[in-house]
Amino acid sequence: MASSEKDAALSAAAPTADDAPTIFDKIINKEIPSKVVYEDAKALAFRDISPQAPTHIIIIPKVKDGLTRLAKAEERHIQVLGYLMYIAKVIAKQEGLEDGYRVVINDGPSGCQSVYHLHVHLLGGRQMNWPPG
Ligand code: DGP
């Protein structure tokens, strides 16, 4: 095979930017430790390494499927997005956040997103402020 053909084949097989692994893949694969609070076949939730509230949990889909950020959502993602919201409620109850809590998705640079594997922040255990800043 000519080297240009080989390069083209390799580049076709290479993961796209949307498939690029993040630190969250290592957490899913248990390659790095995390404090898991919920896990099922579709979602994983663990305590944020840099908590912004007494309870700060990150909820992620186990299969990213191109969902690096909310802005990449397509119709096929509707079910998983709804599922993450439902799991946020389940975990809030599990964590005893009866008085309420905040659910946040940061999107992109202006949204202060740092890890490009869509995730929901569940924050609680203190009075939240508005506007959030
Ligand atoms: P965001 O800025 O919305 O992309 O949030 C990413 C969050 O992920 C941030 O609050 C810190 C958290 N985080 C990043 N790396 C790790 C890690 O290795 N372990 C845990 N537990 N949390 C992490």
Side-chain angles (χ1 to χ4, degrees):
M1 192 188 287
S3 89
S4 61
E5 269 178 82
K6 200 171 164 188
D7 287 349
L10 280 174
S11 114
T16 63
D18 282 355
D19 292 327
T22 72
I23 191 89
F24 289 174
D25 290 281
K26 293 190 173 179
I27 289 176
I28 292 167
N29 296 327
K30 310 287 192 300
E31 289 162 22
I32 62 168
S34 68
K35 292 180 183 163
V36 171
V37 298
Y38 179 92
E39 180 165 15
D40 65 22
K42 290 185 279 190
L44 179 71
F46 51 89
R47 296 197 190 279
D48 195 291
I49 204 166
S50 174
Q52 302 302 310
T55 301
H56 186 172
I57 291 163
I58 300 288
I59 308 164
I60 62 174
K62 281 190 169 172
V63 177
K64 187 163 59 178
D65 185 25
L67 212 44
T68 50
R69 56 188 282 191
L70 189 58
K72 295 281 185 176
E74 295 184 10
E75 272 193 49
R76 72 176 190 277
H77 297 123
I78 288 172
Q79 205 172 8
V80 71
L81 288 168
Y83 191 69
L84 295 176
M85 288 295 118
Y86 175 71
I87 293 305
K89 170 257 172 180
V90 168
I91 297 169
K93 189 165 188 204
Q94 181 181 298
E95 293 285 316
L97 301 176
E98 287 89 5
D99 279 352
Y101 47 88
R102 181 166 290 167
V103 169
V104 172
I105 295 176
N106 294 327
D107 179 80
S110 292
C112 218
Q113 184 175 2
S114 60
V115 180
Y116 280 75
H117 179 135
L118 182 127
H119 51 281
V120 172
H121 294 257
L122 171 65
L123 299 130
R126 68 166 167 82
Q127 179 60 53
M128 298 294 153
N129 301 308
W130 197 262

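Atoms within each ligand, like the ligands themselves, are counted from 1 in listed order.
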- Do any nitrogen or oxygen atoms of H121 lie less than 3.5 angstrom from nitrogen or oxygen atoms of ligand 1? yes
- Query: What residue pairs, at least two apart or across chains, pass salt bridge (charged side-chain N to carboxylate O under 4.0 Å, His left out) with a residue in residues 106-118?
  - Reply: R69-D107
- A student checking ligand 1 against S114 at a 4.0 Å heavy-atom cut-off should list atoms 1 (P), 2 (O), 4 (O), 5 (O), 6 (C)
- Does the side chain of Y101 come within less than 4.5 Å of K93's, by heavy atoms? no
- Task: Tell me, please, which residues at least two apart from R47 pass salt bridge (charged side-chain N to carboxylate O under 4.0 Å, His left out).
- Result: E95
- Message: Heavy atoms only: which of D48, I23, I49 lies closest to atom 23 (C) of ligand 1?
- Response: I49
- Task: Specify side chain, backbone, both or neither for I27, according to which of its non-hydrogen atoms lie closer than 4.0 Å to ligand 1.
- Result: side chain
- Query: Is the closest N or O pair between V115 and ligand 1 shorter than 3.5 Å?
  - Reply: yes
- Message: Give the atom numbers and elements of ligand 1 that come within less than 4.0 Å of a heavy atom of F24.
- Response: 8 (O)
- At a non-hydrogen distance cut-off of under 4.0 Å, which region of S50 contacts ligand 1 (side chain, backbone, both, or neither)? neither
- Item | Among H119, K35, R47, closest by any non-hydrogen atom to atom 1 (P) of ligand 1 | H119
- Query: Would you say the side chain of P61 lies within less than 4.5 Å of the side chain of H77, judging by non-hydrogen atoms?
  - Reply: no
- Taking the inter-plane angle between the rings of H56 and H121 on a 0 to 90° scale, is it parallel (under 30°), tilted (30 to 60°) or perpendicular (over 60°)? tilted
- With side chains defined as the heavy atoms from C-beta onward, is the minimum distance between I57 and Y38 less than 4.5 Å? no
- Item | ligand 1 versus Q52: contacting region, heavy-atom distance under 4.0 Å | neither
- Message: Can you name the atoms of ligand 1, numbered from 1 with element, that are less than 4.0 Å from a heavy atom of N106?
- Response: 1 (P), 2 (O), 3 (O)
- Compare all side-chain heavy atoms of D40 with those of I87 and state whether any distance is below 4.5 angstrom. yes
